[in-house]
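Here the structure comes first, spelled out in structure tokens, and everything after it is commentary.
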Amino acid sequence: MTSQNTRRFDEVRPGDSLPELAVPITVALIASGAIATRDYFPGHHDKDAARALGSPHVFMNILTTSGLAQRYVEEWAGPAAVFKDLRIKLGAPNYPGDTMTFTGEVTHADADSRTVVVSLKGKNSMGNHVTGTATLALP
């Protein structure tokens with residue numbers, strides 16, 4: 001559920017932690033994310049094709065990961081926050097049956113621009129699936 005309250009710049013400090021968010025990884029999430037982003041690569045929706053590539057199952061694409069990372073930060077920041085930048089790096093793949101748990105922390109605040117930088121990671125049973133930063137302007 002998205003928060004209806006937006007965090008204000010004056011309420012946020014470097015070192016503040018974001019609440020964890022656990023995302024169950026399912027075939028439906030992986031395949032629908034790929035379809036929604038027009039990524040028809042067979043490894044994202046066809047288990048046999050994924051196995052032919054050496055993967056044990058279908059795997060999540062980067063655009064779905066990017067959307068989940070944005071969701072995580074946006075649920076914390078609120079609807080009036082404005083994304084200025086999102087930079088992510090992929091690590092371990094996301095496979096069905098696993099759970100990716102997001103954690104994050106405010107690492108920088110700039111009073112002149114009223115922006116904050118959030119460092120984030122999404123970890124599954126194999127390690128970090130995604131790491132990165134998000135820069136947001138807060139009212």
Item to complete: Start with the C-alpha gap between His57 and Val27, add the side-chain angles, then the distance that decides, and say whether side-chain contact (heavy atoms from CB on, under 4.5 Å) holds.
Response: CA-CA 9 Å; His57 211 307; Val27 172; 3.7 Å; yes
Fill in: Intermediate values then yes/no, side-chain contact (heavy atoms from CB on, under 4.5 Å), Ile88 and Ile62
CA-CA 9 Å; Ile88 62 171; Ile62 191 168; 4.1 Å; yes
Item to complete: Output, in order, the C-alpha distance, side-chain angles, deciding distance and verdict of side-chain contact (heavy atoms from CB on, under 4.5 Å) for Thr107 and Thr133.
Response: CA-CA 9 Å; Thr107 56; Thr133 59; 5.5 Å; no
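Side-chain contact between Val116 and Asp16 is absent, with no heavy atoms from C-beta onward closer than 4.5 Å. Arg38 has its side chain out of reach of Leu63: every pair of non-hydrogen atoms, C-beta onward, lies at least 4.5 Å apart.
Thr99 and Ala22 get closest at one heavy-atom pair: CG2-CB, 3.9 Å. In plain terms, the two heavy atoms of Pro93 and Asn124 that are nearest each other are O-ND2, 2.8 Å. Residues Thr64 and Ala34 share a closest heavy-atom pair of OG1-N, 3.8 Å. In plain terms, the two heavy atoms of Val58 and Asp46 that are nearest each other are CG1-N, 3.5 Å. Here the shortest heavy-atom pairing between Lys84 and Ala137 reads CE-CB, 3.8 Å. Pairing each heavy atom of Asn61 with each of Gly33, the nearest pair is ND2-O, 4.2 Å.
Hydrophobic clustering (ILVMFWY, side-chain heavy atoms < 4.5 Å, transitive): Phe83 and Val117 are in distinct clusters. When the side chains of ILVMFWY residues are joined at heavy-atom separations under 4.5 Å, either directly or via intervening members, Met126 and Leu29 end up in two distinct hydrophobic clusters. Tracing side-chain contacts under 4.5 Å through hydrophobic residues (I, L, V, M, F, W, Y), one never reaches Leu120 starting from Val82; they form parts of separate clusters. Leu136 and Val12 fall within the same hydrophobic cluster, where Ile, Leu, Val, Met, Phe, Trp and Tyr residues are linked whenever their side-chain heavy atoms come under 4.5 Å apart, directly or through other members. Residues Val23 and Ile30 fall within the same hydrophobic cluster, defined by Ile, Leu, Val, Met, Phe, Trp and Tyr side chains chained together at heavy-atom separations under 4.5 Å.
Applying the ring-ring contact (aromatic ring centres under 6.0 Å, His included) test to residues at least two apart or on different chains, the pairs with a partner in residues 86-115 are Tyr72-Phe102.
The backbone N or O of Gly78 sits nowhere less than 3.5 Å from a side-chain atom of Asn5 that would complete a donor-acceptor pair. Within the 3.5 Å criterion, the main-chain N or O of Ala92 finds a donor-acceptor partner in the side chain of His129. His44 contributes no side-chain N or O that, together with a main-chain N or O of Ala31, makes up a donor-acceptor pair within less than 3.5 Å. A side-chain donor-acceptor contact under 3.5 Å links Asp98 to the backbone of Ser125.
With rounding to the nearest 0.5 Å, the separation of CG in Leu21 from OG1 in Thr101 is 8.0 Å. The structure places NE2 of His45 at 7.0 Å from CD1 of Ile35, a figure rounded to the nearest 0.5 Å. If you take CG on Asp39 and CE on Met60, they are separated by 12.0 Å, rounding to the nearest 0.5 Å.
With sequence neighbours left out, the salt bridge (charged side-chain N to carboxylate O under 4.0 Å, His left out) criterion links Asp10 to Arg114. With sequence neighbours left out, Arg51 forms a salt bridge (charged side-chain N to carboxylate O under 4.0 Å, His left out) with no residue at all.
No donor-acceptor contact under 3.5 angstrom links the side chains of Asn94 and Thr65, judged on distance only.
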